[in-house]
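Owing to the predicted nature of the structure, the values given are computational and were not obtained by experimental measurement.
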Amino acid sequence: MHDSWISAFAFILVAAALSCGLLLGARLLRVRALSASPLKRRTYECGEEPEGPAWIRFHPRYYVVALLFVLFEVEAAFLFPWATAQDALGVLGLFSMFLFIAVLLLGWWYAVRKGAIKWQ
């Protein structure tokens, strides 16, 4: 038991030294510009000239739609492993996936009912 504590401490010590050394090396060997350019401080908009300030307020509906998109995409990603292992899971796996999809549809119905998905 005593040897495991020593080896764990040695591992943590080596990991900390290595990570600090790599960060220090990256800081010392970084690429720097020879002179400061005023273009470096300008807002970049895909090669176009920027119009207006860079910091503007967006309507919260954009964030709600983005969160709903991420939520349903991540949950849809759970369907692929289930589909590949459906034979091994049997009837219980089928029932649990129907329950999972029912919860998804319930969340979608709630979002539609609250008007979160309606685009104006």
Side-chain angles (χ1 to χ4, degrees):
M1 171 129 172
H2 183 65
D3 291 336
S4 65
W5 284 101
I6 293 173
S7 61
F9 181 71
F11 178 77
I12 291 172
L13 191 65
V14 168
L18 184 65
S19 59
C20 289
L22 287 173
L23 287 173
L24 182 67
R27 178 82 174 170
L28 293 175
L29 298 174
R30 71 178 182 223
V31 177
R32 289 177 239 164
L34 297 176
S35 62
S37 171
L39 292 176
K40 188 175 183 180
R41 299 278 181 215
R42 289 188 59 199
T43 305
Y44 178 74
E45 292 186 7
C46 301
E48 298 289 327
E49 285 295 320
E51 297 178 10
W55 296 100
I56 59 173
R57 291 185 179 212
F58 288 101
H59 196 277
R61 183 169 290 128
Y62 292 114
Y63 298 111
V64 171
V65 169
L67 282 173
L68 286 172
F69 174 76
V70 169
L71 177 72
F72 285 114
E73 282 296 313
V74 167
E75 289 175 345
F78 284 118
L79 293 174
F80 293 112
W82 169 79
T84 57
Q86 182 184 10
D87 293 337
L89 295 175
V91 176
L92 183 63
L94 185 65
F95 176 73
S96 64
M97 190 48 63
F98 280 137
L99 185 66
F100 179 74
I101 291 172
V103 169
L104 276 179
L105 290 176
L106 184 67
W108 175 76
W109 176 75
Y110 179 77
V112 167
R113 188 164 179 233
K114 287 292 188 178
I117 299 178
K118 187 187 333 179
W119 202 262
Q120 295 175 352

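Taking each heavy atom of A77 and P81 in turn, the nearest pair found is O-CD, 3.1 Å. Taking all atoms of both residues into account, the shortest heavy-atom contact from R32 to R27 is NH2-O, 4.2 Å.
Hydrophobic clustering places M97 together with L105 (ILVMFWY residues linked when any side-chain heavy atoms are closer than 4.5 Å, directly or through intermediates). At a threshold of 4.5 Å between side-chain heavy atoms, the hydrophobic network of Ile, Leu, Val, Met, Phe, Trp and Tyr places L104 and V70 in one connected group. In the hydrophobic clustering of ILVMFWY residues, with side-chain heavy atoms under 4.5 Å counting as a link, W82 and L92 come out apart. Follow the hydrophobic side-chain contacts under 4.5 Å out from I101 and you reach V74 in the same cluster. Under the 4.5 Å side-chain heavy-atom criterion for Ile, Leu, Val, Met, Phe, Trp and Tyr, L67 and V103 are members of distinct hydrophobic clusters.
Note that CG of D87 is 11.0 Å distant from CG of L94, once rounded to the nearest 0.5 Å. Considering CG of L24 and CG of L29, their distance stands at 9.0 Å, rounded to 0.5 Å. Here the CH2-NZ distance, from W109 to K114, works out to 10.0 Å after rounding to the nearest 0.5 Å. Distance OG/S7 to CD1/I12: 9.5 Å, rounded to 0.5 Å.
For CZ of F100, the number of neighbouring non-hydrogen atoms (other residues, nucleotides, ligands) closer than 6.0 Å is greater than 12. The local environment of CZ in F95 is sparse, with at most 12 non-hydrogen atoms from other residues, nucleotides or ligands closer than 6.0 Å.
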